[in-house]
Amino acid sequence: MRPLVHAVGVRKAFGLHEVLKGVDLSVEAGQVLCLIGPSGSGKSTMLRCINHLETIDGGELTVDGLHVGYERRGDVLREIPDREAARRRAEIGMVFQHFNLFPHMTVLENLVEAPVRVKKEKPAAAHDRARELLNRVGLADKGEAFPRQLSGGQQQRVAIARALAMEPKLMLFDEPTSALDPELVGDVLGVMEDLARTGITMIVVTHEMGFARAAADMVVFMSEGRIVEQGPPKSILSNPTQERTRAFLARVL
Amino acid sequence: MAQSSAASHDETAPLTVRPLRHPGRWIGGAVVLLLTAELIRSTATNPRFEWDVVSEYLFSRAILVGLANTLQLTVVAMVLGTVLGTGLAVLRLSPNPVVSGMVGVYVWVFRAAPLLVQLLFWYNLAALYPSITLRVPFGGPVLVKFPAEQLVSVWTAALLGLSLHQAAYIAEIVRAGILSVDPGQREAATALGMPRTLTLRRIVLPQAMRAIVPPIGNEVIRMMKTTSLVSIIAVPELLNTAQTIYARTYETIPLLIVATIWYLVLTATLTVLQSSVEHRFGRGLERSERCPLRALPQVRARTTSAPPRSVADESRTPRVKR
Ligand SMILES: Nc1ncnc2c1ncn2[C@@H]1O[C@H](COP(=O)(O)OP(=O)(O)OP(=O)(O)O)[C@@H](O)[C@H]1O
Ligand SMILES: [Mg+2]
């Protein structure tokens, strides 16, 4: 069977600056993968390429067998129209470092917006699920609040619920706890660990090695646009074989 | 010396604080008041101002009709200008360089050419194009044909001139408003699978409103005054009406005063309206207040009676201990 996320030789440059220099990555359905690496190594860029927030310059990248922003015709990948790409993106959830909740909508409205407008769900059904999801992230009583009225940790949990409201088959997290006060990090990681146990496929860019150890099936270390080393968390985090991995871990642990 | 002064006051006595006096301000204020009083006296008693004529015309039928026309021009030109300007702003931000470039040229031309020139241009369009035809490009068959005099009546010329000019200004305001929205908002919507147009309509524009509304308020006031320019092409708005009357009666100054009074009243009214609208739009920015930009009202009505609310209410009611 083909892995859910399959990247072969993905390249990406911003101008002359090559950020991804041929990345190969496979994530099986149900796996939790943690992507670690120094600042500027291309982790966010890789994540954004997976749901086609960035175009790629070379290589091949599929999610569940489909190129998210492209169509393959023979040896050519053609970019597809926005509407079509949007449909494929709807199956991939993403959580950002700075939450990016919609400030002009209440928490519940944030959660039902995409299901109702994109998936054309009935508002009543979308609401019921939104409330269930809020309950799951421990914010059952915050449905009527506006994002500004919540703490960072609460906002990030709403952002996770908002992504889950689309019932994605893959969740991408880009440093979800980096913008939080230390005492709020635990709540968000707790929600993510619960989520990992439900069997959803997750790719998490993080500097939280504790989370990687506890929740990841696989840890991937990236440096300067390349994957340097990958494997189960125990072996990568405790017995890295590469010098660069060792140096990085010595700094963050 | 230092020792004696230190010894001369009691360390424990409370000190009196005396603010610095400004005698100059009092004198200056008195002079200005005096001059103002003299100006009012001379204006009120100078027979050349003919206050009786002013009061005779202030509420006259002709002037009120002119006033209504001024208001109508303002509203229609603002609505058309805002709709067109918003469309232009969206096109200006299009990834297609030809489209955004052409909009840039439009904005440049309609802001750079004086409005008076533009109005005269539209007024004289009839001379330029004897008739206006809509046909398939490159010499195809004619689809529609209007004689230009009929299409470009003075009212149309005035509205066309004002709206196209206003659209160029609104386009820049809306563009700045759209650019003021955090790019993360667009990304979050995109990542949720929202297509570009839906993202713009539901996520970006509502947030851009906060930056757009105050300058548009200023534009309404500016437009109200700018409509006086169309008097040059004989549209019977407030100023033109006053001019028509004094051309006949030679009571020039009093009729200009009548027009001025109405412009002042309108500006004052619009300023009050503007500040209340701005206040409403600013509210959502405060942490404790609800956001005024209501989305999905039917959805909200549903949720107010929903379980999470009652949970919250419960936690607020004091528990009775047994
Ligand atoms: N839109 C862009 N335009 C130009 N350069 C970019 C852009 N986005 C990212 N880069 C560059 O690409 C490189 C990799 O960025 P990326 O954000 O993927 O790194 P990262 O591994 O996520 O780092 P961090 O841990 O700091 O988030 C950086 O040098 C960055 O400056
Ligand atoms: Mg990053």
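Scope of the values below: all heavy atoms of this structure, side chains included, with no hydrogens, waters or symmetry mates. Each chain gets a letter, A, B and so on, in the order the sequences are listed, and its residues count up from 1.
Contact detail for B/A191 and A/F96: the closest heavy-atom pair is CB-CZ, 4.0 Å. Here the shortest heavy-atom pairing between A/H104 and B/I203 reads CE1-O, 3.8 Å. When all heavy atoms are compared, the tightest approach of B/L192 to A/M166 is O-CE, 3.3 Å.
Here the side chains of A/R83 and B/T197 are in contact, with some heavy-atom distance below 4.5 Å. A/M105 places a side-chain heavy atom less than 4.5 Å from the side chain of B/R202. Side-chain contact between A/M94 and B/E187 is absent, with no heavy-atom pair separated by less than 4.5 Å. In this structure, A/L53 and B/T190 have side chains that are in contact, with non-hydrogen atoms separated by less than 4.5 Å.
Contacts of A/F102 with chain B are made by both backbone and side-chain atoms, with heavy-atom separations under 4.5 Å. Residue A/R88 does not touch chain B at all, counting heavy-atom pairs closer than 4.5 Å.
Note on A/L101, A/N51, A/I92: by heavy-atom pairs under 4.5 Å with chain B, the leading option is A/L101.
With a 6.0 Å radius and a threshold of 12 heavy atoms from other residues, nucleotides or ligands, B/R92 has its CZ atom above the threshold. The number of heavy-atom neighbours closer than 6.0 Å to CZ of A/R129, taken from other residues, nucleotides and ligands shown, is above 12.
The structure places CG of A/D82 at 11.5 Å from CE of B/M194, a figure rounded to the nearest 0.5 Å. The NE2 atom of A/H98 sits 12.5 Å away from atom CD of B/Q185, with the distance rounded to the nearest 0.5 Å.
Checking side-chain atoms of A/N100 against main-chain N and O of B/G184 turns up a donor-acceptor pair under 3.5 Å.
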